[in-house]
Amino acid sequence: MNLLQSLLFFVVSLAASIVGAICGIGGGVIIKPTLDIFGWASASTISFLSGCTVLSMSCYSVVKSIRSGERQVDLHTGTPLAIGSVIGGVAGKQLFTYLQALFPNPEQVGAVQALCLGVITLGTLLYTLRKHSIHTHHISHPLPCILIGLLLGICSSFLGIGGGPINLVVLYYFFSMDIKTAAANSLYIILFSQIASLVTTILTGTIPVFAPITLILMICGGILGGIWGRIINQKLSNLAVEKLFIGLMVLIIGICCYNTVQ
């Protein structure tokens with residue numbers, strides 16, 4: 001991968017991380033399918049780079065939120081969710097490794113990921129458009145929280161997207177959070193699931209081949225995106241964030257359809 005390609009990866013990671021920090025979707029849900037379009041790296045390499053970028057962005061956002069004394073993250077439910085996401089992150093990584101062995105052609109692996117992501121995002125979009133007429137819940141018991149976190153962690157790690165729109169829908173439905181509170185809690189969950197996924201990758205020796213400069217640039221893009229995204233999020237209303245979220249899902253569905261066909 002040449003320097004120009006690495007710079008483009010930086011631009012994509014920066015833009016995705018800004019939007020990801022605003023909406024609480026991590027950014028990987030944009031990075032992964034967008035970089036798949038170019039075909040400059042394998043599905044495993046893009047998943048790894050995307051995961052590292054999301055980890056850097058979510059780490060900054062969560063640490064900054066805690067240090068500034070913000071109370072949007074509900075530790076009573078967020079911590080069991082995070083614990084579940086750690087287990088799910090490990091399981092999702094193993095599922096991806098199994099898929100790689102099943103489909104030796106990297107393009108087939110990418111197509112399966114794109115199809116799964118497209119279906120999940122479509123379901124998320126439909127729910128979001130109708131959520132005002134859907135009865136929500138207020139789950140507080142740790143065990144259901146852990147199981148829900150497990151599901152989110154599997155999706156996050158397997159698809160290489162960090163968290164994606166599914167996090168927000170789950171937090172809407174099971175915990176009756178508004179979009180900004182859900183965004184903050186989503187990033188908290190994403191942080192732990194991505195740490196688990198990265199540690200699993202390192203321990204199992206399945207780190208893919210990549211150019212170090214590309215990883216450095218994408219991590220810088222993730223951190224800068226987290227900084228600017230937080231600033232923008234604080235200035236936007238819940239309605240504005242929700243509109244951005246809906247528009248983003250439409251874009252992601254279109255990209256996933258293209259990647260699946262390709």
Side-chain angles (χ1 to χ4, degrees), residues 1-64 106-107 110 113-114 117-118 121 156 159-165 167 183 186-187 190-191 194 197-198 207-236 240-241 243-260 262:
M1 187 177 296
N2 59 44
L3 181 59
L4 182 60
Q5 292 172 330
S6 296
L7 288 173
L8 182 57
F9 274 41
F10 164 76
V11 172
V12 171
S13 66
L14 174 62
S17 296
I18 290 174
V19 178
I22 294 172
C23 298
I25 59 174
V29 71
I30 307 170
I31 297 172
K32 177 64 172 64
T34 301
L35 296 186
D36 280 339
I37 291 177
F38 300 109
W40 292 340
S42 67
S44 59
T45 297
I46 292 175
S47 292
F48 179 78
L49 294 173
S50 174
C52 290
T53 304
V54 171
L55 176 58
S56 65
M57 186 277 285
S58 59
C59 184
Y60 167 80
S61 297
V62 171
V63 171
K64 182 66 176 179
E107 292 183 358
Q113 285 181 307
L117 178 58
T121 307
S156 167
L159 297 175
I161 60 172
N167 277 24
S186 174
L187 291 176
I190 288 169
L191 172 62
Q194 287 307 300
S197 179
L198 177 61
I207 299 176
V209 177
F210 61 88
I213 185 63
T214 304
L215 176 62
I216 293 171
L217 286 172
M218 290 184 70
I219 288 176
C220 289
I223 294 172
L224 287 174
I227 294 172
W228 293 341
R230 271 182 54 83
I231 294 172
I232 296 171
N233 176 275
Q234 292 169 355
K235 295 181 178 180
L236 294 178
V241 173
K243 287 182 178 179
L244 176 62
F245 179 59
I246 290 172
L248 183 62
M249 284 190 289
V250 173
L251 175 63
I252 293 168
I253 291 169
I255 293 175
C256 287
C257 288
Y258 176 82
N259 285 338
T260 301
Q262 289 296 104

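Smallest separation of non-hydrogen atoms from G222 and S56: CA-OG, 3.8 Å. Nearest heavy atom pair, residue T53 against residue I219, reads OG1-N, 4.4 Å. The shortest non-hydrogen separation linking I46 to A41 is CD1-O, 3.7 Å. Counting all heavy atoms, side chain and backbone alike, A183 lies closest to C23 at CB-O, 3.5 Å. Of all the heavy atoms in G225 and A21, the pair that sits closest is O-CB, 3.9 Å. Between I227 and Y60, the shortest heavy-atom contact is CG1-CZ, 3.3 Å.
A donor-acceptor pair under 3.5 Å is absent between the side-chain atoms of Q234 and the main chain of I231, judged by distance alone. With hydrogens and angles disregarded, a donor-acceptor distance shorter than 3.5 Å links the side chain of T45 to the backbone of V209.
I18 CD1 to M57 CE: the interatomic distance, rounded to the nearest 0.5 Å, is 10.5 Å. The CG atom of D36 sits 9.5 Å away from the OG1 atom of T260 when rounded to the nearest 0.5 Å. To the nearest 0.5 Å, the span separating SG on C52 from CG on L198 amounts to 5.0 Å. How far NZ of K32 is from CD1 of I37: 11.0 Å, rounded to the nearest 0.5 Å. Separation of atoms SG (C59) and CD (Q194) is listed at 12.0 Å; rounding is to 0.5 Å. Here N167 contributes atom CG and I190 contributes atom CD1; the two are 5.0 Å apart, rounded to the nearest 0.5 Å.
At least one side-chain heavy atom of F9 sits less than 4.5 Å from a side-chain heavy atom of L35.
Surrounding CZ of F38 are more than 12 heavy atoms belonging to other residues, nucleotides or ligands, all under 6.0 Å away.
Partner I30 forms a side-chain contact (heavy atoms from CB on, under 4.5 Å) with one of L251, I255, L248 and no other, that one being L248.
With sequence neighbours left out, the side-chain hydrogen bond (donor to acceptor under 3.5 Å, both in side chains) criterion links S58 to no other residue.
Applying the side chain to side chain donor-acceptor pair (under 3.5 Å) test to every pair with at least one member in residues 207-232, sequence neighbours left out, gives these pairs: S6-T214, E70-R230.
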